[in-house]
Amino acid sequence: MNRVRQQDLGTPAPATTGTVEIEIDGLPATVRAGTSILRAARESGVDIPKLCATDSLKPFGSCRMCLVEIDGRNGYPASCTTPVEAGMKIRTQSDAIATLRRNVMELYISDHPLDCLTCSANGDCELQDMAGAVGLREVRYGFEGANHLDAGVDASNPYFQFDASKCIVCSRCVRACDEVQGTFALTIEGRGFQSKVSAGISEDFFDSECVSCGACVQACPTATLMEKSIVEHGQPEHSIKTTCAYCGVGCSFVAEMKGDQVVRMTPDKDGLANHGHSCVKGRFAWGYSTHRDRVLDPLIRDSIEEPWRKVSWDEAIGYAAQRFREIQTEHGRKSIGGITSSRCTNEEVFVVQKLVRAAMGNNNVDTCARVCHSPTGYGLKQTLGTSAGTQPFDSVMDADVIIVIGANPTEAHPVFASQMKRRLRQGARLIVLDPRRIGLVRSPHIKADYHLPLLPGTNVPMINALAHVIVAEGMVDEQYVRERCDIDSFEAWKSMILRHENSPEQVAKVSGVPARDIRAAARLYGRAERGAIYYGLGVTEHSQGSTMVMGMANLAMATGNIGFSGCGVNPLRGQNNVQGSCDMGSFPHELAGYRPVQDDEVRGSFEQHWGVSLDPEPGFRIPNMFDEACAGRYKAIYIQGEDVAQSDPDTKHVEEALANMECVVVQDLFLNETAKFAHVFLPGTSFLEKDGTFINAERRINRVRPVMPPRQGKDEWLITQELAQALGYPMNYANAAEIMDEIAELTPTFANVSFSFLDEVGSVQWPCNDSAPMGTPIMHIDQFVRGKGLFIETDYVPTEERTNRKFPLLLTTGRILSQYNVGAQTRRTDNMVWYDADLLEVHPSDAEVRGISEGDLVSLSSRKGEITLTATITERVQPGVVYTTFHNPETGANVVTTEHSDWATNCPEHKVTAVQVTPASHRSEWQNQFDENAKRQGKILETS
Amino acid sequence: MARTRIFVPRETAAVSVGADEVAIEIARQAKQRGDSIQLIRNGSWGATWLEPLVEVGVEDKRIAYGNVEAADVAALFAADFLKGGDHARRIGPTIEIPYLIRQDRWTFWRCGLIEPLSLDDFLAHQGFTALQKAFDIGADAVIEAVKASGLRGRGGAGFPTGIKWRTVADTDSDQKYVACNADEGDSGTFSDRILMEGDPFGLIESMALAGFAVGASRGYIYLRSEYPLARSILTRAIETAREAGWLGRDIRGSGFDFDIELHLGAGSYVCGEETAMLESLEGKQGIVRYKPPLPAIEGLFGKPTVVNTVVTLASVPNIVNLGGDKYAGYGVNRSTGTLAFQLAGNVRRGGLVEKGFGLTVRELIEDWGGGTASGRPVKAVQVGGPLGAYLTAAQLDTPLDYEAFTGIGAMIGHGGIVVFDDTVNMARQARFAMEFCALESCGKCTPCRIGSTRGVEVIDRMIAGIDREENYDLLVELCDTMEGASLCAMGGMTPYPVRSVLKYFAEDFSAAAETDV
């Protein structure tokens, strides 16, 4: 195995097309017009020395190492900043150039420590390489002059350090922070010889606005910005490309290894979702995979009051199978089921749903997407014909107007947020629909044209009002609608939309957003050449989640904004494989590829392949499973990598359901909250151990490659396979690739997908089959997948969850950058330095009338339950709305959320809960119970 | 009976030697005496050595009294100076002062003559006639006139102005700009300031002309913060012009929109470099950009931008009024027209001398400057600011012509001429060149950022007599590196003065050591 050395062509590819003929060092070369001489030369195999140039950043021209001679021009132009011109004759080497380069290098080294042998960048230092390339042999200036050798090290960031003494002031870090990440946290302070890189205004990195995305570390050509893991362990010896397992952006990474130890995760420049960028989680927060909390032995116990017993794999799997069969015998075939995980690979998910359908003999399989993006699948399928977003991420670079609805990309999808911000800095306009003033509303060089701070729960009237303005003011793309959409449905929708109640003036009363802002935002989107909608769980996790998804699809169709680059309706998926887990047939009513289980032909194809007859009846959704369990009819469950006890709403109800079951099998990395109710614990693998595929929010199928063997000794798909076998169903894959082969065979949209194909092309966006052999970046080009686009009327049915005198505030929930969902991974990394606990954001006016000050302990209560947490007073939330995150189990944010859910998909209404906030002096009853339970389970663990 | 007009310059140099006090004293005594006067604060004629130069309007003449102090005022009244009476300070009619009449006043002709903030006075002196004419003849004809004049940028680089304007005019864009570089930071230069303080409407008209010629609707003046008086005068003038409809939308019914914003620098020399100036105008750090793209194509906020210095722009109205050929009749070879030379340093008669190219440095120093102030022999003359080469006494007959100067490794730059007598130690001047670069380097490119600091250290070692020969060779190579590899003229030209010292005054390195304490 070799290290993947990412090639650096020095400057970005030009936007131009066409080629020109030039001559480099006497040899003819055909190069792209508009290319820098530096890049043209490198592409032609001629390496011109460089330091300040790197192909992820615009040329800068400061290091003066890449000087060349051009016939007919005076002096020595910098090749990074000089574009090629037809007929140009370039010399990259001459005595004069050699002397200049060597003498410039001599100046660099006259202010640089001579500790190469003990330097953390030894072996991977561009300065060192260039000093070698130019043949520097002495520094005639001596080392007694002015220098920065005592500049000191800033080690405040947990993951990387800044050693100012090694800085060559090339500004690559500053430019990466600006151009790639878009945070503008770094600057060059001072001028001339005093110039130095500074985070904020002479702050350290930790206290600055730095978001630890790692772009600066990635860009640094020396040891100045260096991962602490490299400082500690040294340079890697081999590397493997894989895919991040955090959010749905699906960044490609190069895992850099020493043996089976990861020493660094580097974003892959060839990754089509991330183009070499990363965020703090993917780049740095991978240490959980070797955290001491990882459980590496199968565990069983007869009751949840008993201690766990470490057992062999055979015993654990045998025990689970035996209990499942006993329960089915006693309570019926449908008394058991399973939940697949959006954190696992497609192959792992596919075998779990297959186990439920083929081995358990029912369709009681659901996935954690139930609680996040199930309305996306439903709504987009109904209107457009495909349960997925319409665009690749890169499409945003063509958007003129961007609407962000109920999503907080800079916190939850940071790498895509950076791309979006890049587009916004180029001049695209921005509309934000969110109850909170999220980061995109105002940040360096970004300002939303309109922020519509609607009340939680009023998405549907808001989208209707936007559509109302577009229809009433004649901004409908009539030709598009006529040619591509179902005209009857359009007419029906149009008359519904034009109703008085959908006018901005009426919706203003419901949403709290001034009518003039609604009108202005609608006009901005309605008149856009290319308008794109991006949304998140702030859309789906409502009792009208599916209505809202269809409302957005209606709006996009009406304005002709589907089927082109720069447009579309784009869900920002929360988890790494939420798209894939849905694609794999994890829903109780759908087989792989979103095909109804009731459909005899579809079911027949699976029956034939699997050699069993399948139940034609859809099974239970997750909430039904819990309800049935509470009713005593649902007795056993196999849960793959989801912590339902923390992530699902109405925690007390979930806990009751779990406690009521006779056999709960949890397959996970850690003994999570759900495992406290489990009888069998099957240790799972982290993404670093998996072989398979993830599918990101843009339908991109990315390869996940194992960089180390499974730490608990068994691939996860194999655990499921052995469980199936123990249940008496023959499942005999030799490897994960064979699972994908079966998926491809059974799923038309995956027909041409295989591991070998992915290894060859890198990644592909489904549908990928004979009619789209290289995949489908943009959906619905020329016509909708369902034929004619279907407008669906989106009448507003308010949630039953309303504020009243007892619960006068609305609670909505979300995530922060450094933490990920229930925190199972990120809480086991140094990301904890940015995060002490879930905080409750309260508007100053709400705080004042309640006598709440910053940092006070407060009680947050709803009709479902009560928790206590710490308040933070901020105008990010509007009066009447409070907000918290759900990263910490002991917070118990979902103790207060309700049983309400989307009418179509049962996606829980996480985003709207009527609550009261009062000063508190002690933890809530639930939290005390939680503590006791944790203590008890802890004891049980110790004795196991 | 008409009031007697008395002119006392309100110009930084004059004010620095007491012009305000003189003006106050004249007003006070006139009131006391019951004399009816009209006190006019004009700009400076540029004969700085005569400041404060008080003029009295007698019939159709202006009688000049030089170096007037407040203490002289009573005696002047006593000498009946209101009627041009004789006095030790009396020089005679202003227009007969040889220092002035021997000049070629093309660009500065209104300076001193008019009341700077009086729009009426400006209009009475052909103000805005060039802009009006431009509206009649059209943008192309303006650019053609500028091309025909041979006018080259007076900021130092000497790039043909007409070609620059043509490039901006021919570049398609929804927005274009005129950026006036008034960051006059070269040592010994003050011509921009004299023009801005003495003829602010002239600059406004010039910028509007440029805007009309290239299709720009906005202009910016990037003014160095060390010019507070120019700031206040320009601010008032811009407001006045705007109120009178000479700036803003649809100027005087022409359909042409143009407005000007005044922007203050923050004390950085390198912001006089055009791309650093554009960065600073955009609100960023004053860091040099690489070229190409040229500002004429991608300038301010990425839009096509005319970047010209004050004097370049102010040369244009008369080119439009009188014709490019007429301007091209001044000067020699490819250095056509006039330049406002600025005499400073150790010289008896310092001041501004606008003269056609081609006269020699010696003529300037001797015929206008009257030799050194100290009376000692000239040892060296630095032309073109702190990055200009030092000329030896033997080189003083070099004609002031861009190409001739290039031929001797020197440059005319912005026309600043600083005279040194034989007491100067040129090794220290070489050190100063590197030190200045170290202080003012923006820090972007390595040769300038580190090289200038190393240059000071190497010269210090040479002065101290440490390995003088090796360090001499190292300094020569450092000069080669800075000149060949720097991103902009700051690092690229710092070697000019250093090299001239190494070449002509090498013996001063040992002399410096001896005088060292």
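Within every chain, numbering begins at 1; the chains are lettered A, B, ... in the order of the sequence lines, protein sequences first and strands thereafter.
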At a 4.5 Å cut-off on heavy atoms, which part of [X] comes close to chain B: side chain, backbone, both, or neither?
X: A/L107; answer: both
X: A/I97; answer: neither
X: A/P59; answer: both

Q.
Taking side chain as everything from C-beta outward and backbone as N, CA, C, O, which of these in B/L478 sits under 4.5 Å from a heavy atom of chain A? Side chain, backbone, both or neither.
A.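 The answer is both parts of B/L478.
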
Q.
For B/C448, which atoms come within 4.5 Å of any heavy atom of chain A: side chain, backbone, both, or neither?
A.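 For B/C448, neither part sits under 4.5 Å from chain A.
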
**Q.** Shortest non-hydrogen separation from A/L67 to B/G484 and the atoms involved
**A.** CD1-O, 4.2 Å

Distance-only criterion, 3.5 Å: which donor-acceptor pairs connect chain B and chain A?
residue : atom : partner : partner atom : Å
B/Q285  : NE2  : A/I188  : O            : 2.4
B/L439  : O    : A/R191  : NE           : 3.1
B/L439  : O    : A/R191  : NH2          : 3.4
B/E440  : OE1  : A/R191  : NH2          : 3.0
B/S441  : O    : A/G192  : N            : 2.9
B/C442  : O    : A/G192  : N            : 3.4
B/K444  : NZ   : A/F60   : O            : 3.0
B/T446  : N    : A/S62   : O            : 3.2
B/T446  : OG1  : A/Y108  : OH           : 2.7
B/R449  : NH2  : A/I168  : O            : 3.0
B/R454  : NE   : A/S110  : OG           : 2.7
B/R454  : NH1  : A/A146  : O            : 3.1
B/R454  : NH2  : A/S110  : O            : 3.1
B/R454  : NH2  : A/S110  : OG           : 3.2
B/R454  : NH2  : A/A146  : O            : 2.9
B/E457  : OE2  : A/A146  : N            : 2.7
B/E477  : OE1  : A/N103  : ND2          : 2.6
B/E477  : OE1  : A/R140  : NH2          : 3.3
B/E477  : OE2  : A/R140  : NH1          : 2.9
B/T481  : OG1  : A/N103  : ND2          : 3.4
B/A485  : O    : A/R64   : NE           : 2.6

**Q.** Contact leader toward chain B among A/G145, A/C170, A/C80, A/G61, where contacts are heavy-atom pairs under 4.5 Å
**A.**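 Going by pairs under 4.5 Å, I would pick A/G145.
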
Q: Give, for atom CZ of A/F60 and atom SG of B/C445, the distance between the pair rounded to the nearest 0.5 Å.
A: 10.0 Å

